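We're numbering straight along the sequence, starting at 1. Owing to the predicted nature of the structure, the values given are computational and were not obtained by experimental measurement.
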Amino acid sequence: MRRGVLLLVLPLLSMVGCAATGAEPAAPPTTTAHREFDERAAAVAAAWRPGPGWRDGYVPLQGPTVLTGDPHFTPDTETAFRSGWYRAQVAIPPTRVGGEIRFPDGRLTLPLVSAAEAYRQLDRGDPLPCPGRPKRPGRPTPGGPTVEPGPDGWATSTTEAACLPLTVTGVTLGAVPVRTSRGEAQVPAWLFTVEELATPVAQLAVAPTAVTPVPSAPTPTQPLPEGLVAAQDIVAVDGARLTLRLGVGACDTGITPVVSERPDVVVVGGAVSRSPGVCPALLKLEPVTVTLGAPLGARPVLDVFTGAPLTIAAR
């Protein structure tokens with residue numbers, strides 16, 4: 001297995017202010033904040049220009065690793081999954097094939113990576129050795145490291161996590177639902193059977209050369225008005241029900257999602273209450289849920305601060 005580094009990038013803390021602790025009670029979000037949101041959302045919607053590939057290519061709006069159901073995680077197996085710790089107990093074929101993506105509005109044939117290439121993307125390193133810990137739950141190995149080092153040595157970690165990789169015992173080619181710029185599509189994926197999980201782990205199989213990246217927005221030149229916060233990502237889409245995460249201050253209260261729904265786009269953000277005083281300079285990701293007037297479909301969800309389309313949060 002290869003060494004990997006998992007990076008979590010959060011927006012700059014300067015984007016989000018904080019309310020006071022132990023100060024005057026915070027006022028509810030004002031109508032001014034909502035009015036300013038509407039004005040900014042109108043500008044964001046008017047500026048949206050998706051570019052080539054958005055309507056006729058493959059633009060995934062979520063990461064390449066997908067769980068196909070409830071894995072029944074334990075703390076150890078969830079740590080291994082999120083860290084990308086795997087070991088293969090079966091031969092993984094290197095043969096490349098072609099495949100077809102089925103969109104709500106049509107189909108697209110694209111080249112796929114082999115199962116071996118998909119596994120190399122999935123496997124991001126080895127856990128640190130943990131003397132006396134089992135290689136798998138319930139199978140103790142007295143003394144010494146419990147997991148053999150990969151060719152690049154041990155991946156580093158600052159947590160007290162269990163040193164348990166996930167054991168791949170089979171692989172097949174299938175398809176999984178993926179949110180894309182053209183709505184939810186059935187995308188070819190290599191399905192890895194994992195001994196410790198109740199459901200396969202899917203690694204999307206579309207070759208990187210066939211993937212159109214999500215368009216990025218220019219860096220905003222104006223901060224959000226006081227009382228407004230940015231949306232960070234999408235947690236789930238269920239028809240007209242949209243769950244997303246707002247970036248709020250550690251002491252913000254009265255957190256309320258605000259939405260501007262249009263026929264071609266949906267612009268989202270949040271309104272918060274703040275009061276003067278000292279507050280820890282921390283960014284919190286606050287989940288909120290809204291119900292749209294119509295199913296989201298293929299409409300992009302744009303952040304009111306950056307104007308960029310939001311993607312599905314990694315699970």
Partners of [X] by side-chain contact (heavy atoms from CB on, under 4.5 Å), sequence neighbours excluded?
{"X": "Val258", "answer": "His34, Phe37, Ala271"}
{"X": "Val214", "answer": "Val59, Leu61, Pro309, Thr311"}
{"X": "Ala80", "answer": "Trp85, Leu166"}
{"X": "Pro257", "answer": "Val288, Val290"}

Between the side chain of [X] and the main-chain N/O of [Y], is any donor-acceptor distance below 3.5 Å?
{"X": "Thr68", "Y": "Pro200", "answer": "yes"}
{"X": "Thr77", "Y": "Phe73", "answer": "no"}
{"X": "Gln62", "Y": "Val178", "answer": "no"}

Check salt bridge (Lys or Arg N to Asp or Glu O under 4.0 Å) between Arg241 and all other residues, then give those that pass, not counting sequence neighbours.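 For Arg241 there are no salt bridge (Lys or Arg N to Asp or Glu O under 4.0 Å) partners, ignoring immediate neighbours.
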Using the rule that Ile, Leu, Val, Met, Phe, Trp and Tyr join whenever any side-chain heavy atoms are under 4.5 Å apart, tell me whether Val268 and Ile312 fall into a single cluster.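 Shared cluster, yes.
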Among the clusters formed by ILVMFWY side chains lying less than 4.5 Å apart, do Leu67 and Val171 turn up in the same one?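 Yes, one cluster joins them.
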Between CG on residue Leu310 and CG on residue Asp303, distance to nearest 0.5 Å: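 The distance works out to 5.5 Å.
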Distance (rounded to the nearest 0.5 Å) between Thr253 OG1 and Arg274 CZ: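 If I round to the nearest 0.5 Å, the distance is 10.0 Å.
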Please list, chain by chain and in numerical order, all residues satisfying side chain to side chain donor-acceptor pair (under 3.5 Å) with [X], sequence neighbours excluded.
{"X": "Thr65", "answer": "Gln203"}
{"X": "Thr243", "answer": "Thr289"}
{"X": "Glu78", "answer": "Arg82"}
{"X": "Thr193", "answer": "none"}

Sequence neighbours excluded - side-chain hydrogen bond (donor to acceptor under 3.5 Å, both in side chains) pairs with any residue from residues 174-185: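 Matches after skipping sequence neighbours: Asp105-Arg182.
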Side chains of [X] and [Y] in contact at under 4.5 Å (non-hydrogen atoms):
{"X": "Val237", "Y": "Pro295", "value": "no"}
{"X": "Tyr119", "Y": "Val168", "value": "yes"}
{"X": "Leu246", "Y": "Leu285", "value": "no"}

Show me the donor-acceptor pairs within less than 3.5 Å that the side chains of residues 38-55 make with the rest of the protein, sequence neighbours left out.
residue : atom : partner : partner atom : Å
Arg40   : NE   : Val304  : O            : 3.2
Arg40   : NH1  : Pro223  : O            : 3.1
Arg40   : NH2  : Gln222  : O            : 3.0
Arg40   : NH2  : Phe305  : O            : 3.4
Arg49   : NH1  : Ala46   : O            : 2.8

Pair listing, salt bridge (Lys or Arg N to Asp or Glu O under 4.0 Å) test, anchored in residues 253-266, at least two apart: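 Residue pairs with at least one partner in residues 253-266: Glu261-Arg299.
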